[in-house]
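Following: one structure in structure tokens, then a few remarks.
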Amino acid sequence: MNQTWVQIAYLVAAVCFILALKGLSSPKYARRGNLIGAFGAVLAVVVTLVAEPLDHMVLILVAIVIGSAFGVPAARSVAMTAMPQLVALFNGVGGAAAAIVAIVEFLSSGQNESTGTLAASVFTVLVGSVSFSGSVVTFLKLQGLITSRPVVFPGMQVLLPLTAVAALVLGVLVLTTTSTAIVFALAAVSLLLGVLFVLPVGGADVPIVISLLNAFTGLTVAASGFVLDNVLLLVAGTLVGASGTLLTRLMAQAMGRPLLGTLFGAFSGESTLGGGQASERPVKSLGPADVAVMLAYAERVVIVPGYGLAVAQAQGALKELVDLLGERGVEVSYGIHPVAGRMPGHMNVLLAEASVPYEQLKEMDEINPDLPSTDVALVVGANDVVNPAARNPGTPISGMPIINVDQAQAVVFLKRSMRPGFAGIDNELLYDAKTQLLFGDAKDSLTKTVTALKSL
Amino acid sequence: MNQTWVQIAYLVAAVCFILALKGLSSPKYARRGNLIGAFGAVLAVVVTLVAEPLDHMVLILVAIVIGSAFGVPAARSVAMTAMPQLVALFNGVGGAAAAIVAIVEFLSSGQNESTGTLAASVFTVLVGSVSFSGSVVTFLKLQGLITSRPVVFPGMQVLLPLTAVAALVLGVLVLTTTSTAIVFALAAVSLLLGVLFVLPVGGADVPIVISLLNAFTGLTVAASGFVLDNVLLLVAGTLVGASGTLLTRLMAQAMGRPLLGTLFGAFSGESTLGGGQASERPVKSLGPADVAVMLAYAERVVIVPGYGLAVAQAQGALKELVDLLGERGVEVSYGIHPVAGRMPGHMNVLLAEASVPYEQLKEMDEINPDLPSTDVALVVGANDVVNPAARNPGTPISGMPIINVDQAQAVVFLKRSMRPGFAGIDNELLYDAKTQLLFGDAKDSLTKTVTALKSL
Amino acid sequence: MTTVAVPAETRPGERRVALVPESVGRLTALGVEVRIQSGAGLGANALDAAYRDAGASIVEGDVLSGADVVLTVNSLDLDRIGTLTRGTTVVSFLAPVQSLDKVKAAQAAGVTWLSMELVPRISRAQSMDALSSQGLVAGYRCALVAAERLPKFFPMLMTAAGTVKPAKVVVLGAGVAGLQAIATAKRLGAVVQAYDVRAAAADEIRSMGAKFIELDLESLEGAGGYAREMTEERSQRQRDLLTPFIMQADAVITTAAVPGRQAPLLVTRSMVETMAPGSVVVDLAAETGGNVEGSVAGEEVVIGNASVWGGLNVPSQLPVAASRLYSANLVAISQLFLKEGAVDMDFEDEILDGACVTYDGAVRFAPAREAVEGGS
Amino acid sequence: MTTVAVPAETRPGERRVALVPESVGRLTALGVEVRIQSGAGLGANALDAAYRDAGASIVEGDVLSGADVVLTVNSLDLDRIGTLTRGTTVVSFLAPVQSLDKVKAAQAAGVTWLSMELVPRISRAQSMDALSSQGLVAGYRCALVAAERLPKFFPMLMTAAGTVKPAKVVVLGAGVAGLQAIATAKRLGAVVQAYDVRAAAADEIRSMGAKFIELDLESLEGAGGYAREMTEERSQRQRDLLTPFIMQADAVITTAAVPGRQAPLLVTRSMVETMAPGSVVVDLAAETGGNVEGSVAGEEVVIGNASVWGGLNVPSQLPVAASRLYSANLVAISQLFLKEGAVDMDFEDEILDGACVTYDGAVRFAPAREAVEGGS
Amino acid sequence: MNDVGLLTVFVLSIFVGFEVVSKVSTILHTPLMSGANAIHGVILVGAIIVTGHADTNAELWLGLAAVVLATVNMVGGFVVTDRMLEMFRGKRAPAKGSDA
Amino acid sequence: MNDVGLLTVFVLSIFVGFEVVSKVSTILHTPLMSGANAIHGVILVGAIIVTGHADTNAELWLGLAAVVLATVNMVGGFVVTDRMLEMFRGKRAPAKGSDA
Ligand SMILES: NC(=O)c1ccc[n+]([C@@H]2O[C@H](COP(=O)([O-])OP(=O)(O)OC[C@H]3O[C@@H](n4cnc5c(N)ncnc54)[C@H](OP(=O)(O)O)[C@@H]3O)[C@@H](O)[C@H]2O)c1
Ligand SMILES: NC(=O)c1ccc[n+]([C@@H]2O[C@H](COP(=O)([O-])OP(=O)(O)OC[C@H]3O[C@@H](n4cnc5c(N)ncnc54)[C@H](OP(=O)(O)O)[C@@H]3O)[C@@H](O)[C@H]2O)c1
Ligand SMILES: NC(=O)c1ccc[n+]([C@@H]2O[C@H](COP(=O)([O-])OP(=O)(O)OC[C@H]3O[C@@H](n4cnc5c(N)ncnc54)[C@H](O)[C@@H]3O)[C@@H](O)[C@H]2O)c1
Ligand SMILES: NC(=O)c1ccc[n+]([C@@H]2O[C@H](COP(=O)([O-])OP(=O)(O)OC[C@H]3O[C@@H](n4cnc5c(N)ncnc54)[C@H](O)[C@@H]3O)[C@@H](O)[C@H]2O)c1
């Protein structure tokens, strides 16, 4: 149907997308990867505009300008923290676009298509609509426009499968009747399905669902490629579908959530991370790889060791981490609190055993002025000595000077649980917006972080 | 041309091959990967036999039986050490088969093919022949039937490019004349080209060349797929071509050889590892990943530290390695020679600093009886204390008892160069058949080995 | 102007000084005058000149007269307490229940006495915790003494003349001093095992890289992270269970204490007698009754084949370090009651409240008060 | 049957013994009888009973008469040499050039004397290298002595009462003893810097984790890995360049020696005087002239503000360990000349050849022979 | 291309999709998701094609809506991904920092 | 399939081929090479097809030769690879060995 050169241009664009994904999975090439992807996309669009025999050219160009006029400023101005919901929204409109393309294609030549092609169209309408309405709900949740807790109303357990069955039945009907009305009915039911699908998911699991919907959209694009006999759409859509599926699994793993639990947890009564961890209040946990990247791309890091370092006997692993960071040009020092550990000089004994040079050890009074300009404070098995509660009266540690890690740009705690330290009091800092926790034995966590750092 | 189900069966076979390569690149799944590949191959052959409308069925089956009767016993009975040349031979016959298939196809329908298809046939004949004759020469070299040193005779510098140009010219002639005679001439010239191509390669570089020829054969198979409009051949051949090319690069890297130097080194006067290292006598060097695998799959490992460990201050890295091996169930102990290092008890001071438990340290007299049943002796920066020269009279270290690492099944030395130790005498063991060397600062080497071990 | 006086210590063999030159500036910054008795710092290598440079004035002879605050390591001699003006604040070690005569004298003289032993073990008071700081010194010193006395090596050494096995060191009592003794012995390469009655001790001992001696006994824990006294029966069982560990040890270091009580008897004479020739026992608790039966404070006695070193004023044996830390403790507590250059004893502050033994003619510390009233 | 005799040491303060019970079996396995003077091992915690259990016989009083081989730590007293039967083999330390009278006596008595100092430093002889084994002991001991004497901590400690800076230790001479001193001081947490004249020393010092003091001086290396003596001019320059390092040090440990010569003077009195109050200097070479000007072997003297400890027979201060290693050295060398139960002095063997001072009425060791002949 | 051909391409693309992201580090999960999201914005190509071939008004307007939406997805997607990746931008040259 | 379709398959296969082996450990270089070598033995399929369609004797005998050679390549290749991989077979279950 097309000239060979167009097909080849599409192939080039597809290769660009592969390279884009490849780039995006390594910190070093991520940016470049994204640019290559953008180049591929532009190439594909330009080739299409130039090579295809198209009517309504002006309208199409106007539509593109309008789309850009929405997309670019939104993406440019969004706050860092609001990015996930924006991505959700973009994903939703992509799904909608795919569904609409399928509908239009159906309208124009539905009656003449083979069953396979029709089935692909039905799939696109169904999944594209789910993706759209589902994404909109996630957007609303993340934006705080509706509650981020799991929403379950009585009868939902019945309504959700019913809707799903209805959508399937409608889909089959489309295949058999090729009726336009039913296609629109299918789209409507699918929109409802998307809403019901996402409502019961709790706040912390929302990113996983976004990733899943993203993979869905990819598959609809692949199906569109099938319908339109367009290899580029097929390849690009499949790429996104496959990588998105894997990514969804990886994300669920990284957050320690079983994928199915995430999606249907609210029904089975399993908590889905709507509000909190084991304790009532939510904390942000992260993986060793994240810690590695945070540290590797920091300018200045302060390590605050405590009794947990001694319990884990993790001094060797800690030194290795610091040495590696040093080699990467990160400025690292240890902030030693006078009563860290359980014996005066406990940290000194430990760190000397690991042959940490004395010059890297800084006293509390010496390190505290540096903390506001510190990118990451890594708290290794310490708790009381960084607990801001010491600044308020009435606690067992009131009046004890602390290392002000809360003044650092970001704080990472390595500890095993939410249990408090020697003084037995909760640490507010664990729940702070700039704090993240890597749960686990400190030695284990540090070893994993070192491994991750080496592979960066 | 085929029924859909055959095509799908082919697709399944292609997927098997992908999974096979994937499996083969990780120690854990390598065997399974190979079996999946074999399954895919059998599937493909059976489907072809069943579904294609074929004449001469009996003859074909007989040919397959004959081929198996050659291949299986050869593969079964070959000695471990002779495997590389057998692989080379198998690769060569594969290349020959591809070339023959192209010739037959040409004979039967060459006149009617499109230029593109013809070009693919020419490529297959040319490259398949080169692969065949080249592989045969590598076989002869490795088998010791001809010298493994680079063979360069006067005029070769001219002859090789001349032959290459001749082959190209003949190829173009085939395209324009579609003459059968010229095809055979092309095959003959290509065979010569293969010989000339491989002769100048020196012994140690031969495996790299085999890998390259293997990739070549893959490409010819892919081209055959193009000629025969067979997607399976196309996919399988391309997979091998691509992975083989990358593998060739990786192998060259692992051996620290520039790829081009390997191939054409003999011409430019660069040494190609025909006989020796920097020193006159050849030693076997290996990479950290190899050391990691050797250790990980050993039952019992003995570590022999020496002065080099102290110089490199690598005690921490060494302990980490040993701990990791312990976790994997490998039995590791340290064999401490009484005069290792430069001070009595030097190793004790070092290893205590790294908190190596005293129970893991074995005296020389205690460890020596264990060595014959040791799979790998890892000598870290030691030299004199394991030098078998001590057993012969007349050397500065004669009469000094040593740790008998030469009795272990395999010996790995970590050192920076071929320089001798304190006593200033050469160590025969470095050149021994069971010895391999990992060159570099001990700390660096150990750290890399640890990283490799973790990724196993 | 409020004056802070630092007399020379009079306890025989005492080498510490209550205030080191480095700390003088931190006191004068509080708006007080600091007077040092000439030669007070000699034992700790602090010369008069150094004090003078730091802003203190040097007084020959009696430095106490007219002083508002007196800082010392050991409690003042009985006869000097009477010479103090009413209202003078004395800060020093003072085991009040064991020194009732001094408490009475201080009560009579109307002196305010803060005892460093009584500083409560709350987080805010850690910088004033002289028991910890001196325990640290004592623990380090104990391990060195053991290493020095042992006729063998602490570390393992594999040499051409054979392998030297590492010394086995057993540490009993793993408080501040015990943990530091463990750390020091470990550093020197000994194989260290340790025992303590407190529940948290097992983890703490392991966190030093030593082996915890698991005895089939329940743990005993009192208030403030201190141990409780144990019954004679438990005590006997503990000794029985410890015997095999003592027998195998090359060196035993004991640091067990129960606040306000005699030190618990952990090792009997017969247990010491099971030890091999040349073994060394270091009893840090010798002064307060001894963890080891037969140990004599300040002497080295031979029991069986072992030589038993009884610690006497052990922190004073590392006078520079001990004085420096103690001095920092004193400055930290002084900052609580020296406000705008004057003494302002605010008993709302639980540290001052807890540490104060006598004030304005009254004995504030309950156990001492009861003893004084009971005895008089 | 050939008898090997081990007398009690007569040198004042000597606590080592030439043979420990653990080694007896390895000698009797050579087919000889071992006789130990009663009480010989007491200083090293080796009881007569232990020797008896190991298969030796205990002799009260004179053990030398009738002995074929005599093993001692220090050389025999002059008067006892004469009592030996002709052909007796004595193995011990014996600085021959410094003890010409004993050499003459041995020559006169027809005694075969193997000096442990003269065992050549070849690989095969490492198990007989008593200089190394005793140097190891001395080095460890030196570092402990410095730690024990210093009124401060060796390690750095960050505590609630302030940070204690680590001690700065300077080690001069990094042979066997020096390296071990470095290792021990490092273990205790000190910051160690070291210097030696040999070219290989820089790497060796760094391999112990210490800092090498780079002086702008050429290295000096003699035969067998030993140092050479240096000119007075170089010596002066070395001292000048070392002065700032000495000044900043809390503890200085000197172990430098040049075989057969007086120990080099590395630290002058005025250099010591630059050191801060409480500093400690340990001079292992005090016996052979001293690396430190003014040091007295076996005494602690005060120079400036520092206390200078002069080592006297330092290995004997760790008698159990030192005896065990020395004993292993003696057994190893005995295995060379005790063949089939009899003494067979084979001077083809370069070790026996090198170590032998007198044999069959002749002085074999050239420098001693020249001195004896020159002097007589 | 015939259906099996498309299937082949589909299967191969699945492998490529899986493999290229299989080693992604956790920190890149979100940017990668966002980048993939932008890529499926190429549905714009499909939207353009169907719009360009629209015969009825309904088809045209629906198609134009799809073009707008797809453009938002694609253009916005790449831009927002780029912004997310800003932190990986300028990293000073590593200098040997610590000496042990 | 048309040529561009084949080209697409070719390009995707290249990516798959590169990606799947990109993390191979050095020790597996030889077995991997050998396994890949066996895989290109599927030229046997091509050999069978051309032989089955052979019209002349020359074609037939050449084809049969190709079948024999390809079979050797394929069958021998998988067997020899399996033998190489024997060392990775039975590995006892890891037991916690060292206690520090
Ligand atoms: N230095 C002294 O002289 C001395 C003496 C006595 C008391 N203290 C007191 O001890 C405290 C010292 O403060 P700190 O911050 O060092 O300790 P901390 O407040 O006791 O906190 C220790 C933290 O380490 C974590 N941890 C324990 N084991 C771990 C492991 N294996 N891996 C990872 N994390 C582990 C614990 O959390 P998880 O359980 O969740 O893992 C805990 O939050 C102060 O309150 C001080 O007053 C000090
Ligand atoms: N223990 C004692 O008391 C004592 C005292 C004095 C002398 N000696 C003598 O010292 C020797 C000790 O034997 P040894 O086997 O321990 O040591 P050695 O024979 O001296 O060999 C040391 C080896 O370590 C290698 N090496 C050095 N630096 C290294 C680094 N950074 N990374 C990796 N390798 C490094 C060297 O090879 P490259 O240069 O190629 O890397 C050398 O082959 C014996 O001859 C003994 O007699 C011992
Ligand atoms: N919260 C704080 O700020 C703070 C400050 C310093 C110390 N501490 C804690 O206080 C505790 C005690 O410290 P300390 O060194 O002053 O104690 P201490 O000197 O009173 O006693 C020394 C040790 O002896 C142990 N002991 C008592 N009876 C024993 C027996 N029968 N057998 C074996 N061991 C026995 C005690 O448990 C204690 O660990 C430690 O846990 C220490 O960590 C807390
Ligand atoms: N080959 C062997 O078997 C063997 C055995 C033991 C020791 N050695 C080597 O022998 C060497 C010396 O050993 P040692 O301890 O018996 O020597 P030593 O006791 O004779 O001297 C001690 C150290 O003092 C140093 N020294 C001399 N003059 C000095 C000066 N002016 N300034 C600074 N330092 C000075 C020497 O270099 C030596 O390192 C060492 O290198 C050791 O490794 C070899």
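Every chain is numbered from 1, with letters handed out A, B, ... down the list of sequences. Atoms considered below: every heavy atom in the structure, side chains included; atoms not considered: hydrogens, waters and symmetry mates.
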Can you confirm whether more than 12 heavy atoms, excluding those of K434(A), are under 6.0 Å from its NZ atom?
yes
Count the heavy atoms belonging to other residues, nucleotides or ligands that lie under 6.0 Å from NZ of K211(C), then report whether that count exceeds 12.
no
Other residues, nucleotides and ligands only: do more than 12 of their heavy atoms fall within 6.0 Å of CD on E340(C)?
no
Is it the side chain or the backbone of L136(C) that comes within 4.5 Å of chain A heavy atoms, both, or neither?
side chain
Between L309(A) and chain C, which part of the residue has a heavy atom less than 4.5 Å away: side chain, backbone, both or neither?
neither
Value rounded to 0.5 Å, distance of OG in S123(C) from CG in N387(A)
10.0 Å
If every non-hydrogen atom of A183(C) is compared with every non-hydrogen atom of M343(A), which pair is closest and at what distance?
CB-CE, 4.4 Å
Could you check whether any side-chain heavy atom of E353(A) comes within less than 4.5 Å of a side-chain heavy atom of R187(C), counting everything from C-beta outward?
no
With a 4.5 angstrom heavy-atom cut-off, which part of P344(A) approaches chain C: side chain, backbone, both or neither?
both
CD-CZ distance between E204(C) and R342(A), expressed to the nearest 0.5 angstrom
6.0 Å
Considering only heavy atoms from C-beta outward, does the side chain of H346(A) approach that of M208(C) to under 4.5 Å?
yes
Which region of Q126(C), side chain (C-beta onward) or backbone (N, CA, C, O), has a non-hydrogen atom less than 4.5 Å from a non-hydrogen atom of chain A, or is it both or neither?
side chain
Backbone N or O of S207(C) within a donor-acceptor pair of the Q313(A) side chain at under 3.5 Å?
yes
Decide yes or no for V311(A) and R206(C): does some side-chain heavy atom of the first lie under 4.5 Å from some side-chain heavy atom of the second?
no
